[in-house]
Structures are given as C-alpha cells and as structure tokens.
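All values below come from the heavy atoms of this structure, side chains included, with hydrogens, waters and symmetry mates left out. Just so it is clear, the structure is predicted and the values come from calculations on it, not from any experiment.
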Amino acid sequence: LWGDTVRTGESKRLQHYVVSEQKWIDFYISKVGNEESREVVVVFRDITERKQSEQQLAELAASLEAQVAERTRDLQENKAFVEQITQTTPELITIHDAATTRILFTNHKDFWKTFYNNNEIYQKAEEKRAIALTHPDDNEKMKTFLRERNNLRDGEIKEVELRMKGGKWIRVRRKVFRRDEKGNALQIISFTSDITEAKIAEQEIQKNLAILQHTEDLAHMGSWEYAI
C-alpha cells in the first residue's frame with residue numbers, strides 16, 4: 001500500500017483491526033514531495049467506536065429482518081416494536097417502499113432538521129427529496145446511488161458519503177429489507193449517519209499535509225517566509 005502511494009501519488013485509506021489492542025485503526029497515507037519523492041505521511045485514527053456502532057447497526061438490521069420473517073403482520077403493526085428497538089440509536093433508520101419510494105418508517109424524524117427545516121421533505125418523491133438535500137456537486141453521485149439500490153444482492157450493503165446543502169456530510173448505507181416470492185425488492189432499509197465532524201477532521205489533515213508540502217518545497221529553495 002505504501003509502495004502504491006509512492007509510485008502513483010494517490011492517497012490511500014486502510015482500516016485494520018489490531019488484535020492485541022482490540023481496536024480498529026484508520027490509516028490515511030499520503031505522498032509528500034515531488035514526483036521523485038519516496039516519502040509518505042501516515043495519519044492514524046482510532047475508529048473503534050464507529051466500528052462498534054456499525055456492528056450494532058448490522059446486528060439490529062439482522063434482528064429486524066428476523067422479526068419480520070417470523071411475523072405475518074403488516075410492517076405498520078410492528079411499528080411500536082421497531083421504535084422501541086431503534087429509539088436509542090443516533091443514526092437515522094428509514095424503511096421505504098421500493099416501488100413507490102414512500103417512507104414507511106423512520107426512527108428520528110428530527111434528524112433532518114439540521115439539514116432541512118421543512119417537513120415538506122417527507123412529501124417529495126425520493127429523488128426530488130434527495131436532490132433537495134444534496135449539495136449540487138454530489139447530485140449525480142446521489143442519483144447513481146438511488147438507481148443501484150433495487151439491484152442489491154441478498155446481504156449486500158451499498159454505501160455512499162454525500163455533502164449536503166449547508167456544508168454538512170452524511171454516510172448512507174442501504175440494503176434490501178424485504179423481497180417478494182420472486183426475489184424482487186419490496187422494501188429498502190437505510191442507515192444514515194451525520195459524519196460532518198469526521199469530514200472536517202479529514203479536511204484539516206489535508207490542509208496540514210498541504211502546508212507540510214509547501215514548507216518542504218520552500219526549504220529546497222533556501223530562505224522562505226510562510227504565514228498561516
């Protein structure tokens with residue numbers, strides 16, 4: 001991985017579980033210097049809590065699917081049960097109809113208030129609802145994500161990170177929640193997390209790397225001045 005970054009100049013991210021420490025570590029590797037440089041900077045970040053949260057969400061999704069499989073009642077009849085399970089998680093959990101995109105269940109209706117202060121969002125068709133929230137630069141990424149959702153295989157999770165209007169960031173993970181007897185997707189479950197703080201930290205790392213690069217370039221030129 002280090003060699004790839006030195007050779008191509010492309011920054012890399014790797015997540016690794018350290019058994020001895022029982023922690024998940026995120027490695028961010030970036031090349032420093034000109035094309036001939038063989039130096040890299042590696043930034044380490046402990047993401048154990050995030051990984052634990054993702055595992056809990058995966059277990060929650062499995063639990064919800066098991067409950068639906070065991071019961072023949074309509075999803076709406078299970079709403080109180082689902083809310084009892086989901087009310088403690090900070091992530092937004094949404095279940096919607098795959099054909100009509102109508103929202104059938106959401107555990108935190110107030111989640112979007114930091115992004116969009118009008119309940120009108122729930123009345124829009126899904127693509128219009130998404131475009132109303134997403135930063136214009138990420139609209140195409142969102143459209144692609146929406147198009148691919150009904151083609152998910154069993155157990156497959158589709159993930160995307162998106163910038164929202166106003167500068168905030170979210171991570172959305174989706175999978176098929178229910179299928180009909182022919183295997184067609186009936187309902188899609190989504191887990192949405194506010195990752196704004198993590199993105200700001202990542203941008204700060206990029207800024208510091210740029211300053212480091214500029215400092216190194218100036219050092220090769222002799223005397224220099226730089227103001228932050």
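Annotation for Thr48 and Gln22: closest pair CG2-O, 4.2 Å, computed over non-hydrogen atoms. Asp138 and Arg163 make their closest contact through OD2-N, 2.8 Å (heavy atoms, listed as atom of the first residue, atom of the second, distance). The shortest non-hydrogen separation linking His96 to Ser190 is CE1-OG, 4.3 Å. Shortest non-hydrogen contact noted between Ile25 and Asp46 is CD1-CA, 4.1 Å. Minimum heavy-atom separation, Asp26 to Ile47: CB-CG2, 3.7 Å. Closest approach of Ala98 and Ala185 over heavy atoms only: CB-O, 3.4 Å.
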Side-chain donor-acceptor contacts of residues 49-56 below 3.5 Å, not counting sequence neighbours, with atom names and distances?
{"from": "Arg50", "atom 1": "NE", "to": "Glu54", "atom 2": "OE2", "distance (Å)": "3.3"}
{"from": "Lys51", "atom 1": "NZ", "to": "Gln15", "atom 2": "OE1", "distance (Å)": "2.8"}
{"from": "Ser53", "atom 1": "OG", "to": "Glu91", "atom 2": "OE2", "distance (Å)": "3.1"}
{"from": "Gln55", "atom 1": "NE2", "to": "Glu59", "atom 2": "OE2", "distance (Å)": "3.1"}

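Of the inter-residue distances, the one linking Met142 atom CE with Ile170 atom CD1 reads 5.5 Å to the nearest 0.5 angstrom. Atoms CD1 and CD1, on Ile95 and Ile93 in that order, are 8.0 Å from each other to the nearest 0.5 Å. Distance CD1/Ile195 to CD1/Ile200: 11.0 Å, rounded to 0.5 Å. Rounding to the nearest 0.5 Å places CG of Leu92 at 9.0 Å from OG of Ser193. For the atom pair CZ of Arg174 and CD1 of Ile188, the computed distance is 7.5 Å after rounding to the nearest 0.5 Å. In this structure, OG1 in Thr196 is found 9.5 Å from CH2 in Trp169, a value given to the nearest 0.5 Å.
Note: Phe44 and Phe27 have perpendicular aromatic rings, judged against thresholds of 30 and 60 degrees for the angle between ring planes.
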Problem set entry | Stepwise side-chain contact (heavy atoms from CB on, under 4.5 Å) check, Arg173 with Glu159 | CA-CA 4 Å; Arg173 297 187 297 278; Glu159 179 176 317; 3.4 Å; yes
Exercise. Going through the distances and angles, do Val160 and Lys141 end up as a side-chain contact (heavy atoms from CB on, under 4.5 Å)?
Worked result: CA-CA 8 Å; Val160 69; Lys141 187 193 296 188; 3.4 Å; yes
Exercise. When you look at Lys175 and Ile189, which way does the side-chain contact (heavy atoms from CB on, under 4.5 Å) test go after all the steps?
Worked result: CA-CA 6 Å; Lys175 64 177 294 185; Ile189 187 168; 3.4 Å; yes
Exercise. Does the pair Ile29 and Val41 meet the rule for a side-chain contact (heavy atoms from CB on, under 4.5 Å), with working shown?
Worked result: CA-CA 6 Å; Ile29 308 164; Val41 171; over 6 Å; no
For this session: Just do the salt bridge (Lys or Arg N to Asp or Glu O under 4.0 Å) check on Asp154 and Arg179 with the steps written out, would you?
Result: CA-CA 9 Å; Asp154 285 340; Arg179 295 183 185 273; 2.5 Å; yes
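Note: the hydrophobic cluster containing Ile205 does not contain Trp24 (ILVMFWY, side chain heavy atoms under 4.5 Å, direct or indirect links). Put simply, Val18 and Val42 are part of the same group of oily side chains (I, L, V, M, F, W, Y) that touch within less than 4.5 Å, one to the next.
Comment: Glu202 engages Arg13 in a salt bridge, judged by a side-chain N to carboxylate O separation of less than 4.0 angstrom. Taking 4.0 Å as the cut-off between side-chain N and carboxylate O, Glu161 and Lys199 count as a salt-bridged pair.
The closest donor-acceptor contact from the side chain of Thr100 to the backbone of Arg102 lies under 3.5 Å.
The list of salt bridge (Lys or Arg N to Asp or Glu O under 4.0 Å) pairs with a residue in residues 181-190, not counting sequence neighbours, is empty.
Every residue two or more places apart in sequence or in another chain that forms a side chain to side chain contact (heavy atoms under 4.5 Å, CB included) with Thr144 is listed here: Arg147, Glu148.
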